[in-house]
Structures are given as C-alpha cells and as structure tokens.
Peer 1: 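Handing you this structure, nothing more for now.
Remember, it's a predicted structure, so these values are computed and weren't measured experimentally.
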Amino acid sequence: MATAAAPSALIDAAVRVMRDLAVHPLSLEIDGDGARVLATMHAHALRTRSRGPYRQDDLPPEALEMIDWLSLRLSVDPQPVHVTIEGGGPWPRLLLELPAKWVTVRFVVPEDAPPGYQPEPNNVGLSGDVNIALEHLANSLRALGGRLRGEPPVTLTLSYPDDPHYERNIAGVPEEFRHLISPVLADLAVDRSRFSRKQRAAHDDALRAAAYTDQPVEPAQGGGLTTRLGTARLRVSP
C-alpha cells in the first residue's frame, strides 16, 4: 500500500470511504502507514449466519453477501480494490483494501466486534459527527501545510467513552426517542508529538480558524486543545 502524501489526504480518504460504504467505525487508526477502519457487516449480509473455520469450498455466506454489496457500492467510483475473506476463526471476517486511498476496512460480525455501544443501523448521528470532526482536523492540517510548506505527521485513534453530558442530553426527551441519543462520545485523540513548537502553535491557530461558528476550541487538561462537534470530541496533544 502506498504511503499517503499528507495526513490531511489520509483523513479525507478515510472519510470518503466511510461515507461511500455507509459504515460506522467501531475503531479507527490513522498514521503514516494508512487508515484502518473496523466495522460490522451490514444487516442484509447477516440474514444467513454461519460458524467457522471455513474452507475454500465452504466460504462464509455473510462475507460473500458483503462482497456483492461492496461491488455495487464501489461500481459508481471504479478503483483498484483487494478483498480477502478471513475464515480461519470461528467467525467470518472480510478485509477490504483500497490502495489508491490508503484505506483498509475490516468487516466483522457483531459477535466478533469489540464490546461497547453500537448505534442502530439507521441512526447515523454518531458516525456523521465522527466524519465532521475528521474533516475539521483535515482542514486545519491542510491550512498548516500551506502556511509551513508541508504537514507534519500525526497519529489518530478513535474510542468511545461514556458521554459525561448524556443525562443532560436526554433530559426532557420522550422515552420512546431516547434510544436515538448516543450514551457514548466518539473521542478522536490526535498525537502531535512529532510537531515542533512552531508547528504546534501554527496548528492551534489553524484549528481555531477552521472551527464552525459558536464551536469553542479550548485548552485541554494537561495541554493541547479540545473541541466538540455534536457527539464527537477532537483532542489534540500538546
């Protein structure tokens, strides 16, 4: 897989893939080697369930159904892709690699997913906020690169801690609609340890400049900056 030219290009590619494939990232890692997304298979692919290990002549129907669905989604934007069925364990996995975009997506069944909250299939608020926060970060890095003639390397990881504002968010919301409100926060942690002092200061300015109206970008405890976009929180290290 080719190395990305700039962190903002990697982030843009990851957002594009997640939107094109309508996936919610259970986990996300971005660094100089690319972007790695973990997602569950789509509901229609899970109507037939199976258990492994699998053989070449006995492939998991879930993965085969996902391949058909991915072929349809990707046909509108033809590009080189590699698909690998990982059937050596008790549950099927499907690895999608898009070398031109430096992005991989590993699809798993719900039983094989990491423990934690997963939004309902039609509830796209949490994943949508993740994409918006990623776009904010990409815009700030692009502006930094334009100012300093190049983007310094970053690493990014996504996790889902409990949302400290959850009780406040559901206050006054009718019981039948509360399931639509996420009890967790999408936390995007950005490591800027390879930035120089000048680069960090310039990136702080770029993060503030890229913010939406009435979106506070505030000092984080221990240093760095933090900002919240809906159910997503962006945290950049000192």
Peer 1: Please check if the number of heavy atoms outside Q221 that lie under 6.0 Å from its CD is greater than 12.
Peer 2: no
Peer 1: Working note: R93 + T84, criterion side chain to side chain contact (heavy atoms under 4.5 Å, CB included); need CA distance, chi angles, decisive distance, verdict.
Peer 2: CA-CA 8 Å; R93 292 184 172 193; T84 304; over 6 Å; no
Peer 1: Let me see the working for R73 and D20 under side chain to side chain contact (heavy atoms under 4.5 Å, CB included), right down to the final yes or no.
Peer 2: CA-CA 7 Å; R73 296 285 294 198; D20 286 351; 5.5 Å; no
Peer 1: Is any side-chain heavy atom of V124 closer than 4.5 Å to a side-chain heavy atom of R19?
Peer 2: no
Peer 1: Strictly distance-based, threshold 3.5 Å: is any side-chain N or O of H24 a donor or acceptor partner for the main-chain N or O of A39?
Peer 2: no
Peer 1: Side-chain heavy atoms nearer than 4.5 Å, only ILVMFWY residues, links allowed to pass through others: does that put I132 and L158 together?
Peer 2: no
Peer 1: Quick one, I30 and P7 - any side-chain contact, counting heavy atoms below 4.5 Å?
Peer 2: no
Peer 1: Under a 3.5 Å distance rule, please check whether D191 uses its side chain to pair with a backbone N or O of T155 as donor and acceptor.
Peer 2: no
Peer 1: Sub-3.5 Å donor-acceptor pair from the side chain of T104 to the main-chain atoms of E97, do we have one?
Peer 2: no
Peer 1: Can you find a pair of side-chain heavy atoms, one from L126 and one from Y160, that are under 4.5 Å apart?
Peer 2: yes
Peer 1: Please round to the nearest 0.5 Å and tell me the distance separating atom OG of S182 and atom CG of D162.
Peer 2: 9.5 Å
Peer 1: Can you hop from V83 to V108 via hydrophobic side chains spaced under 4.5 Å?
Peer 2: no
Peer 1: Does L95 share a hydrophobic cluster with V105, counting links as ILVMFWY side-chain heavy atoms below 4.5 Å and allowing steps through other members?
Peer 2: no
Peer 1: Do E151 and S8 have side-chain N/O donor and acceptor atoms under 3.5 Å apart?
Peer 2: yes
Peer 1: Salt bridge between D31 and R36, side-chain N to carboxylate O under 4.0 Å?
Peer 2: yes
Peer 1: Please assess V109 against R51 for the test side chain to side chain contact (heavy atoms under 4.5 Å, CB included), listing each intermediate value before the final yes or no.
Peer 2: CA-CA 11 Å; V109 297; R51 289 291 300 268; over 6 Å; no
Peer 1: Counting N and O atoms only, with roles assigned by atom type, does the side chain of N139 sit under 3.5 Å from a partner on the main chain of E135, one being a donor and the other an acceptor?
Peer 2: yes
Peer 1: A side-chain contact here means heavy atoms from C-beta on lying under 4.5 Å apart; do V17 and V37 qualify?
Peer 2: no
Peer 1: To the nearest 0.5 Å, what is the distance between CE (M66) and CG (L46)?
Peer 2: 8.5 Å
Peer 1: Using side-chain heavy atoms (C-beta onward) and a distance below 4.5 Å, is F195 in contact with V154?
Peer 2: yes
Peer 1: Taking the side chain as every heavy atom from C-beta outward, state whether L234 and L225 have any pair of such atoms under 4.5 Å apart.
Peer 2: no
Peer 1: For the CZ atom of R178 and the OH atom of Y166, what is their distance to the nearest 0.5 Å?
Peer 2: 7.0 Å
Peer 1: Quick check: do P60 and I85 have side-chain heavy atoms less than 4.5 Å from each other?
Peer 2: yes
Peer 1: Looking at A138 and I11, what are the two nearest heavy atoms and their distance?
Peer 2: CB-CG2, 3.8 Å
Peer 1: For the side chain of R47 and the backbone of H44, is there at least one donor-acceptor N/O pair under 3.5 Å apart?
Peer 2: yes
Peer 1: For a quick test of reading the model, state the closest non-hydrogen atom pair linking T40 to F107 and the distance between them.
Peer 2: O-CD2, 3.7 Å
Peer 1: To the nearest 0.5 Å, how far apart are CZ in R228 and CG in L188?
Peer 2: 12.0 Å
Peer 1: If we ignore hydrogens and angles and just use 3.5 Å, is the side chain of R235 paired with the main-chain N or O of A189 as donor and acceptor?
Peer 2: no
Peer 1: Are N131 and M18 packed together at the side-chain level, in the sense that at least one heavy-atom pair is separated by less than 4.5 angstrom?
Peer 2: yes
Peer 1: Are more than 12 heavy atoms, taken from residues, nucleotides or ligands other than E176, located less than 6.0 Å from that residue's CD atom?
Peer 2: yes
Peer 1: As an exercise, state the distance from CZ of R16 to NZ of K101, rounded to the nearest 0.5 Å.
Peer 2: 5.0 Å
Peer 1: Do L229 and I181 sit in the same hydrophobic cluster, where Ile, Leu, Val, Met, Phe, Trp and Tyr count as joined when their side-chain heavy atoms come under 4.5 Å apart?
Peer 2: no
Peer 1: Would you call E62-R49 a salt bridge at under 4.0 Å N-O?
Peer 2: yes
Peer 1: Does atom CG of D57 have more than 12 heavy-atom neighbours, drawn from other residues, nucleotides or ligands, at distances under 6.0 Å?
Peer 2: yes
Peer 1: Among the clusters formed by ILVMFWY side chains lying less than 4.5 Å apart, do V81 and L64 turn up in the same one?
Peer 2: yes
Peer 1: Decide, yes or no, whether a salt bridge links R106 with D112 under the criterion of side-chain N to carboxylate O below 4.0 Å.
Peer 2: no
Peer 1: How far does CG of D187 sit from OG1 of T157, to the nearest 0.5 angstrom?
Peer 2: 7.5 Å
Peer 1: Please determine whether side chain to side chain contact (heavy atoms under 4.5 Å, CB included) holds for the pair L156 and L134, giving the CA-CA distance in whole Å, both sets of side-chain angles, and the decisive distance to 0.1 Å.
Peer 2: CA-CA 10 Å; L156 179 147; L134 288 171; 3.8 Å; yes
